[in-house]
Amino acid sequence: MWDQSGIRSYDKYDVQSGNRSKSEKDQSKHVQDLIKKLGPAISKDMLKNVESGSKNHSISSVKKHDSRQGKGSPAPAKVDLQPVPSSNVPEAQKVEGSEPNNVAIVDVGKSCELRFGSYCLWLREHKEDMKDSMVKRLKDQLFVARAYFPSIAKLPTQEKFSRELRQNIQDFERVLSESSKDADLPPQIGQKLQKMEASIAKAKSFPVDCNNVYKKLSQILDLTEDEANFHMKQSAFLYRLAVQTMPKSLHCLSMRLTVDYFTSPSSDMEVPRSEKYSDPTLRHLVIFSKNVLASSVVINSTVMHAKESQNLVFHVLTDQENYFAMKLWYFRNAYKDATVQVLNVEELDLDYHDKAALLPLSLSEEFRVSFHGINNMSILKTRTEYISIFSNSQYLLPEVFPSLKKIVVLDDDVVVQQDLSALWSLSMGGKVNGAVQFCSVRLGQLQSYLGENSLDKNSCAWMSGLNLIDLARWRELKLTETYRRLVQELDIGEQSIEAAALRASLLTFQDLILALDGEWVLSGLGHRYGLDSQAIRKAAVLHYNGNMKPWLEMGIPKYKGYWRKFLNLEDQILSVCNVNP
């Protein structure tokens, strides 16, 4: 996954060559020219996002490997919040920080994962063997021959060799103009390559003007690096576009359901309001979603593992655009004896005086946290984690469900593998939010972004995905008002309102988090390739946090099966829209 702050220029002119002929301005102009010639038909705003990272951090703090890591309170880390793409929302978030105990500063501009996030993980997993290696080898030899030719042509005693080298260059130029793949090369290309290699070896034996050769090779290197940098940015942009855009099949599904809703007889769609919707003695689960398929997997997986499905009441909160598709889907599909209610957040009649400040619908915000350091072998290591946290819409819960006292909130990128009924029997002990803590990221490591506060620096960050909420206690403490006040008070500068949600949410729930057992949720199925299969089977809930959601083509293949098995792929409308994750 890549993001705005993750991209920056290489500074190769100052570090590698010392006195290269190109300036940074010339390099930037060349990259822009390449984008104009080769880039896809995309808006200037999107391209601006690609290039904006060059203005940000050019160095990053690192730390030596310490076997005692994790003990004691971590030192503050420098944190920068920038958007990270998500297939659910237009912009999610990321945090980029550094590990504690800073002892050195290095240039990490060429660290792929820091620049482009989970795109690099996906790229390594899907790396292909180099194709047309012979064509690439011919081009390399041609570049070297061109670099030496001007110096050889000036030697008065080497006219014959000069003509031979020129002939070899012309032969290579003719072959490469006619062949772009190894399969197109003429059968005698091996002999031509041997002649060229012999000529280059002979040219290197003469006392030539090294400055001319250096300039020529430097120009070729600059051009190659510029083009490679451009293609890397373009590939990462296309990856970002793929994970941020709703797949065509899911868009088709939503549109067809909406059309069917309005073409169906209105009498068929009239469903009397169930008394179960507001019955506090039942087990209520809330899902915020704009994705019909994702929310149905959450409900189906929960019901399939429930011991008493008749006591389950699901409340799916969505936006105006997806409301009618959701409503028809859950009208047509039954989930054992469970009850499903679909609500349009934008049309709720709430008493909350500042409801507009918490709308439109926003899903849980995801943040990328990047740590980088050097181990005992002085090798640069990067560790990237993702945390998800409540956004504005979750703070409407006490107003949306005024008669309920305790609910479970599920993100739409989770799969339930065990019965969740034990959650309702947990004693909250005055806490408001029961959540799994994520100790790979501690609050002290985010201190530079959170600012001076009374948070325990050694406390773990908490995660959304599966949350047990005491609404009665929430109302008593007026946490929604606290959250809105914190968002307004925080000096976010040029940061987005989503970025402020991290700080405001952590401060709002300060000392009000009930730590759930870690086996309730296993996170990382949307960005980590190496999760233990036994841990996956044991977890009560699987959380696909990260960019590689299971309904996307970019999703991690070996984790898709856990999500896919709760789809009814025999449904006719799924076949019509070619929904086949």
Side-chain angles (χ1 to χ4, degrees), residues 1 70 84 86-88 92 117-118 121-122 125 243 285-289 291 294-295 297-306 363-369 371 383-390 408-423 426 433-442 459-469 513-552 554-567 581:
M1 171 187 7
V84 159
S86 167
S87 58
N88 287 333
S118 59
L121 302 177
W122 177 87
E125 186 72 13
V243 299
L285 302 98
V286 178
I287 304 168
F288 290 84
S289 181
N291 187 326
S295 61
V297 167
V298 178
I299 294 176
N300 195 28
S301 63
T302 304
V303 170
M304 292 296 290
H305 293 96
L363 309 184
S364 294
E365 301 294 345
E366 288 194 340
F367 298 81
R368 195 187 85 182
V369 188
F371 300 105
R383 177 171 66 89
T384 299
E385 304 289 354
Y386 288 77
I387 60 174
S388 56
I389 205 164
F390 283 176
V408 168
V409 180
L410 297 171
D411 285 354
D412 67 353
D413 57 352
V414 304
V415 169
V416 177
Q417 298 191 123
Q418 297 177 21
D419 180 41
L420 300 181
S421 59
L423 287 172
L426 290 177
N433 184 354
V436 172
Q437 293 191 309
F438 191 64
C439 292
S440 295
V441 178
R442 296 183 181 269
S459 294
C460 304
W462 59 271
M463 294 274 285
S464 68
L466 171 71
N467 299 88
L468 177 64
I469 303 297
I513 298 295
L514 173 67
L516 299 179
D517 190 286
E519 291 190 356
W520 274 108
V521 181
L522 178 64
S523 300
L525 280 79
H527 69 95
R528 295 177 61 188
Y529 281 91
L531 293 176
D532 181 62
S533 57
Q534 185 176 357
I536 293 176
R537 289 192 297 269
K538 288 176 59 178
V541 175
L542 302 179
H543 191 188
Y544 290 81
N545 61 315
N547 271 354
M548 292 178 271
K549 303 297 184 186
W551 55 83
L552 297 175
M554 314 297 287
I556 301 176
K558 63 180 180 180
Y559 304 147
K560 284 188 176 183
Y562 302 102
W563 185 85
R564 181 189 175 104
K565 65 183 178 181
F566 295 105
L567 288 177

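Count residues from 1 along the sequence.
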Got a second to check how far [X]'s [atom1] is from [Y]'s [atom2], nearest 0.5 Å?
{"X": "L531", "Y": "L542", "atom1": "CG", "atom2": "CG", "value": "9.0 Å"}
{"X": "I513", "Y": "N433", "atom1": "CD1", "atom2": "CG", "value": "4.0 Å"}
{"X": "N467", "Y": "L423", "atom1": "CG", "atom2": "CG", "value": "10.0 Å"}
{"X": "L363", "Y": "F288", "atom1": "CG", "atom2": "CZ", "value": "9.0 Å"}
{"X": "L514", "Y": "Q437", "atom1": "CG", "atom2": "CD", "value": "9.0 Å"}
{"X": "R537", "Y": "D532", "atom1": "CZ", "atom2": "CG", "value": "7.5 Å"}

So L426 and L516, side chain to side chain contact (heavy atoms under 4.5 Å, CB included) or not? Walk me through it. CA-CA 10 Å; L426 290 177; L516 299 179; 3.8 Å; yes
With a 4.5 Å limit on heavy-atom distance, are the side chains of L466 and L410 in contact? yes
Within-4.5 Å side-chain heavy-atom neighbours: I536 and L522: yes
Listed partners of S295 passing side-chain hydrogen bond (donor to acceptor under 3.5 Å, both in side chains), at least two apart: Y330
Residues two or more places apart in sequence or in another chain: which of them pass side-chain hydrogen bond (donor to acceptor under 3.5 Å, both in side chains) with N545?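 Scan of N545 (side-chain hydrogen bond (donor to acceptor under 3.5 Å, both in side chains), adjacent residues dropped) gives none.
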Under a 3.5 Å distance rule, please check whether [X] uses its side chain to pair with a backbone N or O of [Y] as donor and acceptor.
{"X": "K549", "Y": "M554", "answer": "no"}
{"X": "Y562", "Y": "Q417", "answer": "no"}
{"X": "E366", "Y": "G546", "answer": "yes"}
{"X": "Y544", "Y": "D412", "answer": "no"}
{"X": "K558", "Y": "Y529", "answer": "yes"}

I need the minimum non-hydrogen distance between [X] and [Y], along with the two atoms involved.
{"X": "V416", "Y": "Q418", "answer": "CG1-O, 3.1 Å"}
{"X": "S388", "Y": "D411", "answer": "OG-OD2, 4.2 Å"}
{"X": "M548", "Y": "H527", "answer": "CE-CA, 3.8 Å"}
{"X": "I387", "Y": "M463", "answer": "CA-SD, 3.4 Å"}

Take V297 and V415, measure what side chain to side chain contact (heavy atoms under 4.5 Å, CB included) needs, and give me the verdict at the end. CA-CA 7 Å; V297 167; V415 169; 4.0 Å; yes
For a side chain to side chain donor-acceptor pair (under 3.5 Å) check, start with the C-alpha distance between D413 and H543, then their side-chain angles and the critical distance, and finish with the verdict. CA-CA 6 Å; D413 57 352; H543 191 188; 3.1 Å; yes
Pairing residues for F566 by the ring-ring contact (aromatic ring centres under 6.0 Å, His included) criterion, not counting sequence neighbours: H305
Parallel, tilted or perpendicular: which describes the rings of W551 and W563, with under 30° parallel and over 60° perpendicular? tilted
Start with the C-alpha gap between L420 and L285, add the side-chain angles, then the distance that decides, and say whether side chain to side chain contact (heavy atoms under 4.5 Å, CB included) holds. CA-CA 10 Å; L420 300 181; L285 302 98; 4.2 Å; yes
